[in-house]
Structure formats: structure tokens, C-alpha cells
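Order of the sequence lines fixes the chain letters, A, B, ..., with proteins taken first and strands second; residue numbering starts at 1 for each chain. Side chains included, hydrogens not; waters and symmetry mates left out as well; all remaining heavy atoms used.
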2 protein chains.
Amino acid sequence: MGEINIKQLASELNLSAATVSRALRDSHEISAETKARVMEMAKKLNYEPNPFASSLRHQKSNTIAVIVPEVANNFFSLAIKGIEEVARAKDHHVLIYQTHESGELESSFMTRLLSGRVDGVLISPASHVASKDYFQKVSEKIPMVFFDRDHDDIEGVKITTDDYESAYSATQHLLEAGCKRIGFLAALDTLTTGKKRMQGYIDALKDNGLTAEPELIVTQCENNEPCRSKIRYFIARQKPDGILSSIEELALPCYYVCKELNLNIPKDLKVITYSNLSHAELLNPSLSTINQPAFEIGTEAATILFKMFSKRWYDPNITISLKSNIIKRESTQA
Amino acid sequence: MGEINIKQLASELNLSAATVSRALRDSHEISAETKARVMEMAKKLNYEPNPFASSLRHQKSNTIAVIVPEVANNFFSLAIKGIEEVARAKDHHVLIYQTHESGELESSFMTRLLSGRVDGVLISPASHVASKDYFQKVSEKIPMVFFDRDHDDIEGVKITTDDYESAYSATQHLLEAGCKRIGFLAALDTLTTGKKRMQGYIDALKDNGLTAEPELIVTQCENNEPCRSKIRYFIARQKPDGILSSIEELALPCYYVCKELNLNIPKDLKVITYSNLSHAELLNPSLSTINQPAFEIGTEAATILFKMFSKRWYDPNITISLKSNIIKRESTQA
DNA sequence: TTTATTTACGTAAACGTTTACGAATAAAGG
DNA sequence: CCTTTATTCGTAAACGTTTACGTAAATAAA
């Protein structure tokens, strides 16, 4: 580990470790002259204080944890970017954990964070839920903020987007583009996020005199290979003329499937999806998206976490909703 | 921080802290009966050992650092995914740092890691270089692996891809598709990575009886807004009929620019680029890519780092090159 | 001058673990 | 029976920092 410690540095200067420690933290108890001597020698010897000793003594880690389903995801990588930048400004370190949508893994990460390894947690929960006890347990001990995803039966500080409204608007948009038979590719249906998106879809249909038929809602279709064939079967069988996808990973397979089935987007099937694809405009056809402010969600969540650290945040149970941006492109053209 | 510590746990059991510690680590010095009692009570009281005390004592952190230019990037997020998975399997924690291509930031991160905060470092260096001393300084103290990017004048363990060969092949591919005037969008030219890509381009031209004309090489064009206008000017002025881009971020602007200039890809201009875009196939036209095995680079780099930890790796100066995959699509069709 | 206050530093304890060393008991060997 | 060895556990020191407390000298107030 680190080479030189504060005692060696102190003896080099004929000072006590206490004085050196205080000098380095610019304490008023130390003379300017001594401070200068200490600083110089510290730089000369490349002294770096041992963070574990420091954390042990202070009972704080200057570290936060970010728990996400996946890093390699347009939304989460952007959110993490935002989080890291805020943490950097606050001189904190960022630990990353991937759950791969597993509740068990998530539970294991969370409970192990109770050791004091981090001062706070930013989490976007896994969709496959085992137990939920650990959320409560952790948030009782250390500040915690949900971002993007959350459970409606868990209290906490939550940064989300306008999932209901955006799904409603997107459905409305499909209807206005002439769709009569709109399919919904569900995901995250164990989470508030997914439920709201579905409810927005259902209500928009209802408000337009239509009913959401169960056979038009595709569920249990996560990110793996059977997914595409399930979608192919759905499109071939149900012949929807519009699709609202609740995650990017389900929308892009539609493009491939339409090629296979010789269907034209948007003539035969219009597609709109939640997505943070930065180049949706370059797709063929360009893809209409519900774009979530991923970066801002990250910065906002992190900012609030730091406010919780400094007790400048008092509401333990609040949901802050940021606006998504619906961008209409060729894939939903009338 | 953590609520209960080992002393309280011990007193609860009428044992000494030492015994509890040993029991938890399954030491042979402790009777099976006692171990069981300890385990049970530890679970009951949700005991989590304080990692800082443990790290302080052991002089190891069970943590690795990943330093990258950006997290929100198709390549790096995939690499990080791979790294995290390997670290998970080894029960290590992963700290993330973004340099935003700044050498100063990178330097600051690196030198502060000398405190012992991490047992090893995985780094993909920033393109804007300040000094390079810190690479040497860090790698002398703790295991360090370069991935994807590196400096040719710095020794070390490096996981890269076949940059020279892939650039050569891509250029060859453009030539075979009929290009006579191939532009090169340079990036990372301070790094071995970028230099090799350019050399591959130059040599491929030379081997085909052509010379790389300076006005066909666009440099100093990083990821920001002036970038697109620079590319627009380049295409309008130099009228290349083929472009090899050394990073994804420079290739996609070509698509936008060609729309603006009413140029047809691939008829008027063929484009191929280094990229980890997962849906290059869906672009209009579908984009020919040099696909780097980002995930594998991540896992390979991490695996080697762990071998260095356990002294099962002896070569301090070696470059391991993984093969990139050139995927020819519509954007380079003859 | 004496006393009170300020300045500048040192001593030692504490943070929570781990582990070298030692000790007590039990089992085994003679 | 005594001695040796194995088993099981406790004591105390150590990891490197920080900080409450103490103290000596210098300065100010009386």
C-alpha cells in the first residue's frame, strides 16, 4: 500500500504526527511557518494520507455507491456520468455495482453496504424482485436515493420521470397518427416505472374510446434472445398497427422483425419507444422516442444525496419527477 | 456508519473479539460449536465487518479503480461491464473515475490512488496529455493495466486491439469498393491507439500505390460542436469519396453532414468507422464498422490485473492484442 | 510584577479489525 | 502418575489517522 505515513513524515520534520495532521488540514492551531514546512515535505515525499485510517477515525467514507441493472446501457451510462461528475465536485468516490436485474444480487450488495463502506446509495432497482426488506434496512441507516426506477410500496427519496404522462402522450400520438390497434411492449412491470407506463397506455386508449386488449400487451419479454421471436410471433399474429415499447431493448427488435416479415415502418406499423439512443435520428426509418433526461436524473439524484449528507434535505419520502421529451420522427409518421 | 461492531458481538456471546474474528473467518483454531454460535448471532444482529478497519489492518482494499475518459460511451460502458463482472467474481469493489480526456484530472486521480485506496488500476488514458510521470509512479507501487488506449513511450501491461491491422483492412476495403480519395478522421493521435490507426491507413494507401495526402487527414476534431462544422467543411472542400473514422463520435456527424450536403452514402461517399454501436445495422444506410471486443477487453484486462495481485503474472511489459471485427454494411457498398 | 489569555505544539486514546503470543484445558503418550 | 501435544480461546499490540486534553512559552491585562 502507500509508502510513507504520517509518522515518518512527522519524524522527518521533527514534529509530532498530531501537528502534521493538523498542518495538513490547515488548522488554526498551527503556525504558518510550520504549515509551509509540512506542506513542502509532504509534497516532496509524495505523502498521501491513508484513506482507511482516515475513514475509520472519521466514521465516514467519502464514497457513494451506485447500483444499477447494467452499465452498458444508454440510459444508465449517462446517468452514471452525471453522478460521477457531481461526486467529483464534492470530492467523493463512486463505487459501481451491476445487479443484472437480479434481486438476490441487489440484496447482497445492499446489505453489505451497511458496513459503512459508503456514505450513501443511489439505486435503480432490479426488475426481478426477491425480497424488499433490504431497501428499508439500508435507508434507515444511510441516505439513499432511488433514480429512474422505484417500488411504489417502498418509501424513500425518488427521482423519476413523468412515466405516466409520457406513455399517455406517446399513445395519443400513435392514435393521432392513425393507429387503431396499438401494442404495448411491457417491461419493468414489477416496478412503479413500468406500471405507470402501462397505465398511461391504458388510460390513453380508454380516453379515446378504446380498450386495452390483453393480447396486445406483451409481457415477460426481457432483453434475451427468446425476446425477438416472441415479438415476431406477436406482430405476425396480432398484427398491431402501432407499438409503444417501454424500453429501448424491445423496440429495436421490432425493426429487425419488420424486415423479416416485410413490414414497412411506419406504413404497416408505427413504433415509438422509451430510449436514450443518441442517434435515433439516423435509424432507418428514424425512430420516434420518448427521451428521458438521463444525465439530469443522475446529477439531480446525486445532488440530493449530498444534501441529505449535510442535513439540508429533510423530506424522507418524496418523488421528484423530471420531464421526458417526446421526439416524433419517421417511425410514427401518419 | 455500521451499527454493531465485533466487540459488541463478542460480548453478546461472552467471547473475545479475537475469537469472533477467527470464527467468522472459519479459522481451524475455533471449535465447530463456537463457530455456529458466532455465525448465528452475527446473522441475527446483522453484523457487517467494517471494511476500513479490515483494510487498514490487512493493508489491502479489495478494491480496484477504473479510469476512463467517459462512462457514457458505447465502448467504455461495455468494457466497464466486463470489468465489473470479473471484479464481482473476485469479490472486489470497483471505483469509477472519468477524466473527460484531461491529463490533469487523470494525474490527480492517479496520484491520489497511491494512498492505498485501491489494490490495482485499470486505465484507458486521456487523449489530452499533460505530464506522463504519474503512470510510472503508480505502476511502480501497484499493479496497473492499460486497456484499449496506451502510450508507446510508457512501459506496462497493455490490452489493446489490432489497431494497425484493422485500419489497414478497413482502408483496403474502401479501396476495393472503388474509393480513390479516402479521408481519415483522426483522433487519439497522442496515443498509440490513434497513431497505429493512422499508420494502418497510410500504409494501406501506400501499398496500393497511393499516398496519404495531408489535406485528407482531419485532426484536432474531438467530440464537441465545432467538430461537425469542421467535418462539413472538410467534405465540401476536399470531396473525399471514402472516409475512415477512428472513433464513432466522428463518423456519425458524417451522416448528418451528408444529409445537409445532399450527398448519398455510399454512392457519393463511403463511410467506415471504429464503433461499438450495437445497432449500426439499423442506421440509414447501415453503417460499416470496425467493432472492438469491448467486453472482452474489459474482462481480459481485469483478469490479468487479478493475476498480478496473486503474483501469477510476471511480465511487466507486454502488449496483448485482441482482434477487432470488421463488419461490412451498406455504407461501404460499391 | 502577577495573573489571565493566547499561541503552538505534544501525548495518548480512539476508530474496528486482525494476529502474534500466551495460557488453560483436555487428550494422548510414557 | 507425569509429560507432551492438541485444541480452544483470551490478551494485547498493531494498522494510520484524528482529536480531546494537557502544557509550555509568549503575550496581554491587571
Side-chain angles (χ1 to χ4, degrees), chain A residues 1-39 41-42 45-63 91 112-119 141, chain B residues 1-39 41-42 45-63 91 112-119 141:
Chain A
M1 278 178 63
E3 293 291 273
I4 181 171
N5 62 28
I6 203 170
K7 286 180 191 167
Q8 298 168 35
L9 180 54
S11 82
E12 201 75 29
L13 289 157
N14 283 324
L15 289 172
S16 74
T19 301
V20 172
S21 175
R22 281 188 276 244
L24 291 172
R25 326 189 102 243
D26 200 31
S27 159
H28 66 276
E29 298 185 66
I30 304 298
S31 72
E33 182 193 18
T34 305
K35 280 181 190 170
R37 280 182 59 219
V38 170
M39 295 296 190
M41 186 64 78
L45 300 184
N46 292 319
Y47 171 69
E48 289 289 337
N50 183 301
F52 302 121
S54 190
S55 285
L56 182 57
R57 177 62 221 238
H58 275 132
Q59 300 289 86
K60 62 192 292 276
S61 63
N62 288 316
T63 306
D91 241 297
R112 279 162 56 182
L113 290 179
L114 289 175
S115 61
R117 187 181 293 276
V118 297
D119 298 332
K141 312 264 183 180
Chain B
M1 277 177 67
E3 292 292 271
I4 180 171
N5 61 28
I6 203 170
K7 286 180 191 168
Q8 298 168 33
L9 179 55
S11 83
E12 202 73 31
L13 288 156
N14 282 326
L15 290 171
S16 74
T19 301
V20 173
S21 175
R22 281 188 276 245
L24 291 172
R25 328 190 101 244
D26 200 31
S27 159
H28 67 275
E29 298 184 67
I30 305 298
S31 73
E33 183 193 17
T34 305
K35 280 181 191 170
R37 279 182 60 219
V38 171
M39 295 297 189
M41 185 64 78
L45 301 184
N46 292 319
Y47 170 70
E48 289 290 336
N50 182 301
F52 302 121
S54 190
S55 286
L56 182 58
R57 176 64 219 237
H58 275 132
Q59 300 290 84
K60 61 191 292 274
S61 63
N62 288 315
T63 305
D91 239 295
R112 280 162 55 183
L113 289 180
L114 290 175
S115 62
R117 188 181 291 276
V118 298
D119 297 333
K141 312 264 182 178

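- Taking only side-chain atoms of B:Gln59, from C-beta outward, the nucleotide of D:dC15, D:dC9, C:dG10 with the closest atom is D:dC15.
- With sequence neighbours left out, A:Asn14 forms a side-chain hydrogen bond (donor to acceptor under 3.5 Å, both in side chains) with no residue at all.
- Remark: A:Ser16 engages A:Thr19 in a side-chain hydrogen bond (donor to acceptor under 3.5 Å, both in side chains) (not counting sequence neighbours).
- Every residue two or more places apart in sequence or in another chain that forms a side-chain contact (heavy atoms from CB on, under 4.5 Å) with B:Arg37 is listed here: B:Leu13, B:Leu15.
- One can place CG of B:Asp26 at 15 Å from C1' of D:dT8, the figure rounded to the nearest angstrom.
- One interatomic measurement links the two molecules: CG of B:Asn62 to P of D:dC15, which rounds to 20 Å at whole-angstrom precision.
- As judged by a 4.0 angstrom heavy-atom cut-off over every strand, A:Ser31 is placed among residues touching the sugar-phosphate backbone only.
- A:Arg117 has its CZ atom 13 Å from the C1' atom of C:dT17, to the nearest Å.
- Atom NE2 in B:His28 sits about 10 Å away from atom P in D:dT8, given to the nearest Å.
- For A:Asn5 and D:dG16, the shortest distance from a side-chain N or O to OP1 or OP2 is below 4.0 Å.
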Between the protein and nucleotides 18-20 of chain D, list every N/O to N/O distance that falls short of 3.5 Å.
unit_1, atom_1, unit_2, atom_2, d
D:dT18, OP1, A:Arg25, NE, 3.3
D:dT18, OP2, A:Ser21, OG, 2.8
D:dT18, O3', A:His58, NE2, 3.4
D:dT18, O2, A:Arg57, NH1, 2.1
D:dT19, OP1, A:His58, NE2, 3.4
D:dT19, O4', A:Arg57, NH2, 3.1
D:dA20, N6, A:Arg22, NH1, 3.4

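- For B:Leu15 and D:dG10, the CG to C1' distance is 10 Å, given to the nearest whole Å.
- Contact annotation: side chain of A:Glu29 to base of C:dC9, donor-acceptor pair present below 3.5 Å.
- Residues that satisfy the side-chain hydrogen bond (donor to acceptor under 3.5 Å, both in side chains) test with B:Asp26, not counting sequence neighbours, are B:Lys35.
- In this structure, the side chain of A:Ser55 engages the main chain of A:Pro51 through a donor-acceptor pair within 3.5 Å.
- Separating the CD1 atom of A:Ile30 from the P atom of C:dT7 is a distance of 13 Å, rounded to the nearest angstrom.
- Listed by chain and number, the residues in a side-chain hydrogen bond (donor to acceptor under 3.5 Å, both in side chains) with B:Thr34 are B:Ser31 (sequence neighbours excluded).
- Going from atom CD of B:Gln8 over to atom P of C:dT17 covers 9 Å, rounded to whole Å.
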